[in-house]
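Report on the structure given below.
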Amino acid sequence: MSHPSSPDTGTLPVIEPELDDAAAASDEAAITTTEARADASTAPRGLVRRLAASVDDPVLRILVIATLIGRVGRGVFLAVTVLYFTLIVGLAAHEVAIVLAAASAAGVLSSLVGGWLADRLSARRLLVVLSALDGMGLVCYVFVQDFATALVVAVLVGAVAQASNSTRMAIIARAFDGERRVHARAVLRTVTNVAIAVGSGIGALALVAGTADAYRWIIAGAGLIYLVSVIQLVRLPTSVDAPRRLLSAPVTMMTGSTDVAASARAERRALRAHSPWRDPRYLAVTALSAVFGMQFGISEVGVPLWIANETAAPEVLVAAVLILNTVIVVLFQVPLSRGTHDLRKAGRVSAMAAWLMAAACLVYASAAGLSVGFAIAVILVAALAHAFAEVLSQAGGWGLSFELADPVRAGTYQGVFAMGYSVGALAAPLVVTSTALTLGLMGWAILAAIFLASGLGTWAIARSAARAAARVGATAA
């Protein structure tokens, strides 16, 4: 299963973008192997070779290595969290639900704070500090003894993790431009999925042992692995930090000296003019993306419970669906993300995702009442459509979140977008439970309508933004 906030957030196979001509190749020699694909891109490549081609850019290489290491640790932790709380700490099921919900809620506000701070402080130093705190927070789970301590640790870790994700998105927005930003985001998402899968396999060792010591040692190891990723992050260049520039001219007094207080007020007013909260189009895209992001709740809550309670399919199919999702993300996230920095294409892939997700909901619903074989086949078809809808929606959302953002406040804009996803993730379990799992076919139809409306709404906004940009370009010419 893939996760949106890793940046978290929320790719190994890479097909690099074409260079326009030989002159462009010469001018951009430092990043040629990342962007150039020419005719040779049609030849088959192994995953390792394509990974190497993806990370020739020094900033992306640092982020990929740090993500690969850190997300292994995160995967270890995710594999054992719920069982650790219930079997070792002794929490009741409702207490575990409260702890996890509180951690998600803390991430809503911290997503915004992380992006806001990335515009005002050194983003690279901020990411190093937040990542270190995140790793230490995972280690602190070892000392959890009851509901109160579990709640405190989970809230702190959840807040730090989401702030870290927003900061990483701000760094991507500044370190790359155009198609390279979406490419970098897609690469990191697939690396995240692969690393979490590996970490989950390691975490299974604690499940096999089943002892309290095994759980605590594996959780401590997860935190230490995460801390190792910080070693890479300290190598990020200063170019990923927000540029120090004044948005308004200094205010001078009659004597010719600078009025410091008045200049500061003018600068704050100029900064507010670039606020995402004054950008209704960006807020609309964020809201629609948050709604569509609830499809992760279908993967995590809806499909497992639907298979177990409403269909004749064996429960082991849940694992098969998750594996299928991960494979699709790893193989197709980068190829299907190519070109989505273009507003029109971002809108088109968002519309495609909407139709696929709506169809997936209806096909999931049709599995109820079928024989075992037919139920398995129908669910796998729905899961396939769902996985491609997820990949396309992420690609379109990234393109729009980067291209529609004001570069003056790149961090704050990315923080707002990440906050939207956090809100969607928080609402998803409740929405999915109250629709599909409560109302059956009617509930799945409601979900299909929600996803269709949000995806087509994103498409409409993208088209409008593309037309506005074309008019501006024509006027400037």
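As the structure is a computational prediction, the values presented were derived from the model and not from experiment.
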request  = Before giving the answer on side chain to side chain donor-acceptor pair (under 3.5 Å), spell out for Thr149 and Asp146 the whole-Å C-alpha distance, their side-chain angles and the decisive distance to 0.1 Å.
outcome  = CA-CA 6 Å; Thr149 55; Asp146 51 30; 2.9 Å; yes
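- Phe374 CZ: 12 or fewer foreign heavy atoms inside a 6.0 Å radius.
- Contact annotation: the side chain of Val391 never approaches that of Gln394 to less than 4.5 Å [non-hydrogen atoms, C-beta and beyond].
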Scan the side chains in residues 207-219 for donor-acceptor partners under 3.5 Å anywhere in the protein, sequence neighbours excluded, and list what turns up.
unit_1, atom_1, unit_2, atom_2, d
Thr211, OG1, Ala214, N, 3.1
Arg216, NE, Val142, O, 3.4

Cut-off 3.5 Å, no hydrogens considered: what does the side-chain donor-acceptor table look like for residues 307-322, sequence neighbours left out?
unit_1, atom_1, unit_2, atom_2, d
Asn309, ND2, Leu305, O, 3.3
Thr311, OG1, Ile307, O, 2.9
Thr311, OG1, Ala313, N, 3.3

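- Looking at heavy atoms from C-beta onward, Met169 lies out of side-chain contact with Arg181 at the 4.5 angstrom threshold.
- Taking the side chain as every heavy atom from C-beta outward, Leu63 and Leu236 approach each other to under 4.5 Å.
- Residues meeting the side chain to side chain donor-acceptor pair (under 3.5 Å) test with Arg235, sequence neighbours left out: Gln232.
- A 4.5 Å side-chain heavy-atom check between Arg74 and Leu138 finds at least one atom pair inside the cut-off.
- Trp444 and Trp306 have perpendicular rings, their planes meeting at more than 60° on a 0 to 90° scale where under 30° would count as parallel.
- Using a 4.5 Å heavy-atom cutoff, the side chains of Ser164 and Leu127 are in contact.
- Here Tyr141 pairs with nothing under the side chain to side chain donor-acceptor pair (under 3.5 Å) rule; sequence neighbours left out.
- Qualifying side-chain contact (heavy atoms from CB on, under 4.5 Å) partners for Ala449, counting only residues two or more places apart in sequence or in other chains: none.
- Under the 30°/60° scheme for interplanar angles, the aromatic rings of His386 and Tyr364 are found to stand perpendicular.
- Taking the six-membered ring for Trp and the full ring otherwise, Tyr413 and Phe417 have centroids separated by 6.0 Å or more.
- Annotation: side-chain contact (heavy atoms from CB on, under 4.5 Å) contacts of Ala92 (sequence neighbours excluded): His94, Glu95.
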